[in-house]
2 protein chains.
Amino acid sequence: MGRNRATLADVAARAGLSKTAASMVLNGREGTRLSAEAHQRVFAAAEELGYRPNIAARSLRTRKTATIAFVSDIVATTRFAGGLIRGALDAARERDHVLLITETQGDAAFEQYAIETMLDRQVDGVIYAAMATRRLAVPPAILAGRVVLLNATSSEELPCVLPDDERAGGTIAETLLAYGHRDRIALIGRNRPKEHDPEISLAAQARLRGIRDTLAASGVELAVEGFCPEWLPEHGYTATRALLRRPTRPSAIICMNDRLAFGAYQALGEAGLTIPDDISVISFDDDPIASWVRPGLATAALPHEQMGRRAVELLLDGDEHDASLVPMPLRRRRSVAPPAG
Amino acid sequence: MGRNRATLADVAARAGLSKTAASMVLNGREGTRLSAEAHQRVFAAAEELGYRPNIAARSLRTRKTATIAFVSDIVATTRFAGGLIRGALDAARERDHVLLITETQGDAAFEQYAIETMLDRQVDGVIYAAMATRRLAVPPAILAGRVVLLNATSSEELPCVLPDDERAGGTIAETLLAYGHRDRIALIGRNRPKEHDPEISLAAQARLRGIRDTLAASGVELAVEGFCPEWLPEHGYTATRALLRRPTRPSAIICMNDRLAFGAYQALGEAGLTIPDDISVISFDDDPIASWVRPGLATAALPHEQMGRRAVELLLDGDEHDASLVPMPLRRRRSVAPPAG
DNA sequence: ATGCTCTGCTAAATCAGTTTAGCGACGGGG
DNA sequence: CCCCGTCGCTAAACTGATTTAGCAGAGCAT
């Protein structure tokens, strides 16, 4: 790869100038006193030779690589990761940077290895993304450089990017209220206090807080809160069946995420109930499945692209608002309607 | 980042030897005549100083970076990408390599830029992955080095990794035959010849060929072939409704992918039919949704991790079987049963 | 004529490794 | 005693960029 590329020396020779001159011109250095003609000659030579600088050589000297490490536990390979990576890639490209991606799989040894490998390559900064764990212990090795946490927080007060789950909870509640739902709003997906899987608990707590506060402001309380050990369709299914066995049927179900909502759809379908005529369903995440179910599922979207983008911006442009909450826009679909009769 | 790391010179000094000696020892060079004691001293010094080589410096000299470019059109950010990337990451890690990931979004200018950026960084090879286009025009710039195509073929006879769609078609057909289905097997998801979206057509052709040939070997033909413009749930839904309006109801439906199958589930549910008692459904891909639907959907899994892994292996270990077909294992789930009465 | 400044440019050091060429000491054979 | 080969190791070149320090010449004032 790149066997006989032109070097800076070649460009300089062709322009009849020194490497110093060529370097300065090509880097657009201010305050150099090189003549306009010298500029022309260098540009022409570089153009003619198809010159492209050797990044390894450059970064050896400058200690900058225009490379960002994107280290995640398991994010990189979940369906949720796509958007994060895409957003980060876009923002990186706009700044002429490139992404070195690794996954630790939550394994401490892999993590250690991954971080070292990245640092060996002199990355300019690290985006540390998490899916499984929302509050992480950041490996000390990377604290020396710039770090941004993505979808995670830490005790070190590092800059981080998070979805605005609380506000999304508010939006969801407002939506149901606006449609006229009041006393028969159910929720599924609470996790029991003892099972504090940090993934669920942090997001869940924020979402729940947003929902409760907004409802409370209108004098409404959740009628039922169904627990789920995990946020998978089968748990949504079971929780919904449990809901339906109660004396009063809810007019709306808030699901803590779309996979639960999918389970709820299945249970409601089996019970012969029609969404949204008999019961409304609304949820969080905007998983692709939300647009596949019938009727489409209204849901507060996790803004993955925005988040990935924001992480790179924070890392490179470093405006020092340390925590960045990205809004979760509501995708309005047909699963919500006014309560029946 | 990495401001005061120990250098090779530091290690050498501490070991009381030259940089040359230290370099040779640490690289495990054969045929050097350095004493066992010298080896010990170098290793000890490196250990004590926490020495890690500077990759930029090394690759400046060796022109090797232990870095692989993973360039894709849109794969990197679709739900299908996760596995590809994970497999590639794993295989890369095993070989102490690292992945530089980019996405071209199918845009020629982005692609040009992406490739140049990768080559500037002296990557040791390029994995060129495609989702949208199965047969691609490979940019000439990367042909100079090692290239492996992932989920794609080209006219240049480059090494490539593909799922074994044809064989999977055979497996699906065998499965239905084994359950006793014969004359009432329907298929949905054929695309009309004129709409030759290359993504669909190449995979679809192979799958269909596998199905037809295997059925034919048992003297069976597909009863109906339903067309779909794209492979989305809504098209599966429509195609299935069309199927059900025909005089004889199929005993089994083969869907060209899981999203279509999901649409089929919806249509069958609305028609009051039970899977698999009234009708069997079987499909391709093993999208997460296949395990979420009730009953679970039997499907031939796209072996994304294996494919990603294989691509790296082909690139680095370069056994020269140029095309690598990765088997698609059948996930047996409850959606298939013997035909009703 | 001398000294000074400014202009336009360059030599050489530097980054941190790898690699080539070869040096001094020692032992053995002729 | 001299020559040669081997052993154990090192000096220096090299990779391709950036950056520091500074040089030659022109123009101007003294």
Side-chain angles (χ1 to χ4, degrees), chain A residues 1-42 45-46 49-67 96 119-124, chain B residues 1-43 45-46 49-67 96 119-122 124:
Chain A
M1 225 116 230
R3 17 1 20 191
N4 42 14
R5 292 163 51 127
T7 71
L8 184 64
D10 298 333
V11 173
R14 181 168 190 120
L17 289 165
S18 67
K19 284 198 307 172
T20 310
S23 172
M24 288 172 151
V25 167
L26 291 174
N27 288 318
R29 280 274 280 260
E30 304 282 321
T32 168
R33 297 176 301 233
L34 292 161
S35 65
E37 205 232 327
H39 278 76
Q40 295 306 328
R41 291 214 308 275
V42 171
L49 297 173
Y51 171 71
R52 306 223 95 219
N54 178 318
I55 305 279
R58 170 180 293 168
S59 44
L60 179 56
R61 185 77 234 256
T62 60
R63 307 184 155 284
K64 299 210 175 290
T65 48
T67 303
D96 276 323
L119 294 183
D120 291 350
R121 285 177 170 72
Q122 312 267 127
V123 295
D124 296 342
Chain B
M1 226 114 229
R3 18 3 20 197
N4 41 15
R5 291 162 53 126
T7 70
L8 184 63
D10 298 333
V11 172
R14 180 166 190 122
L17 289 164
S18 67
K19 283 198 307 172
T20 309
S23 171
M24 288 172 150
V25 168
L26 292 175
N27 288 319
R29 280 275 280 261
E30 304 284 321
T32 169
R33 297 178 302 230
L34 291 162
S35 65
E37 205 234 328
H39 277 77
Q40 294 305 326
R41 291 214 309 276
V42 170
F43 285 131
L49 296 174
Y51 171 72
R52 307 223 92 219
N54 179 320
I55 305 279
R58 169 180 295 167
S59 45
L60 179 55
R61 184 79 232 256
T62 60
R63 306 185 157 284
K64 299 209 176 287
T65 48
T67 304
D96 276 322
L119 294 183
D120 290 350
R121 285 179 169 72
Q122 312 265 128
D124 296 342

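Keep in mind that what you see is a predicted model, and the values were worked out from it rather than measured.
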**Asked** Does the side chain of B/Arg14 come within less than 4.5 Å of B/Val42's, by heavy atoms?
**Response** no
**Prompt:** Does A/Lys64 offer a backbone N or O that forms a donor-acceptor pair with the side chain of A/Asp124 under 3.5 Å?
**Reply:** no
**Message:** Closest-nucleotide mapping onto DNA chain D: is B/Ala57 or A/Ser23 further toward the 5' terminus? I mean the 5' end.
**Reply:** B/Ala57
**Prompt:** Choosing from C/dT20, C/dA16, C/dG17, which nucleotide comes nearest the side chain of B/Arg58?
**Reply:** C/dG17
**Message:** Using a 3.5 Å distance criterion without hydrogens, assess whether the side chain of B/Arg5 forms a donor-acceptor pair with backbone atoms of B/Gly50.
**Reply:** no
**Fill in**
Smallest heavy-atom separation, B/Gly16 atom then B/Arg41 atom, equals O-NH2, 4.0 Å
**Charged N-O contact under 4.0 Å between B/Asp120 and A/Arg58** = no
**Item:** First-last contacting nucleotides on DNA chain D - partner chain B, under 4.0 angstrom, heavy atom
**Value:** D/dC7 to D/dG16
**Prompt:** Expressed in angstrom and rounded to an integer, what is the separation of B/Arg29 atom CZ from C/dT18 atom C1'?
**Reply:** 8 Å
**Message:** Is there a side-chain contact between B/Thr7 and B/Asn54 in this structure, where contact means two heavy atoms from C-beta onward sitting under 4.5 Å apart?
**Reply:** no
**Request:** Would you confirm whether A/Ser59, through its side chain, and A/Thr62, through its main-chain N or O, come within 3.5 Å as a donor-acceptor pair?
**Result:** no
Pairs under 3.5 Å (N/O, protein and nucleotides 7-13 of chain C):
{"from": "C/dG8", "atom 1": "N7", "to": "A/Arg33", "atom 2": "NE", "distance (Å)": "3.0"}
{"from": "C/dG8", "atom 1": "N7", "to": "A/Arg33", "atom 2": "NH2", "distance (Å)": "3.0"}
{"from": "C/dG8", "atom 1": "O6", "to": "A/Arg33", "atom 2": "NH2", "distance (Å)": "3.0"}
{"from": "C/dC9", "atom 1": "OP2", "to": "A/Ser35", "atom 2": "N", "distance (Å)": "2.7"}
{"from": "C/dC9", "atom 1": "OP2", "to": "A/Ser35", "atom 2": "OG", "distance (Å)": "3.3"}
{"from": "C/dT10", "atom 1": "OP2", "to": "A/Ser18", "atom 2": "N", "distance (Å)": "2.9"}
{"from": "C/dT10", "atom 1": "OP2", "to": "A/Ser18", "atom 2": "OG", "distance (Å)": "3.0"}
{"from": "C/dA11", "atom 1": "N6", "to": "A/Thr20", "atom 2": "OG1", "distance (Å)": "2.6"}

**Asked** Are the side chain of B/Thr32 and the backbone N or O of B/Met24 linked by a donor-acceptor pair below 3.5 Å?
**Response** no
**Message:** Base, sugar-phosphate or nothing for B/Thr7? Non-hydrogen atoms, less than 4.0 Å.
**Reply:** sugar-phosphate
**Item:** Nearest-Å distance for atom pair CG/C1', residues B/Leu8 and C/dT18
**Value:** 9 Å
**Request:** Figure out the CG/P separation between B/Asp10 and C/dC15, and round it to whole Å.
**Result:** 11 Å
**Atom-pair distance (CG on B/Asn54; C1' on C/dT14), nearest Å** = 13 Å
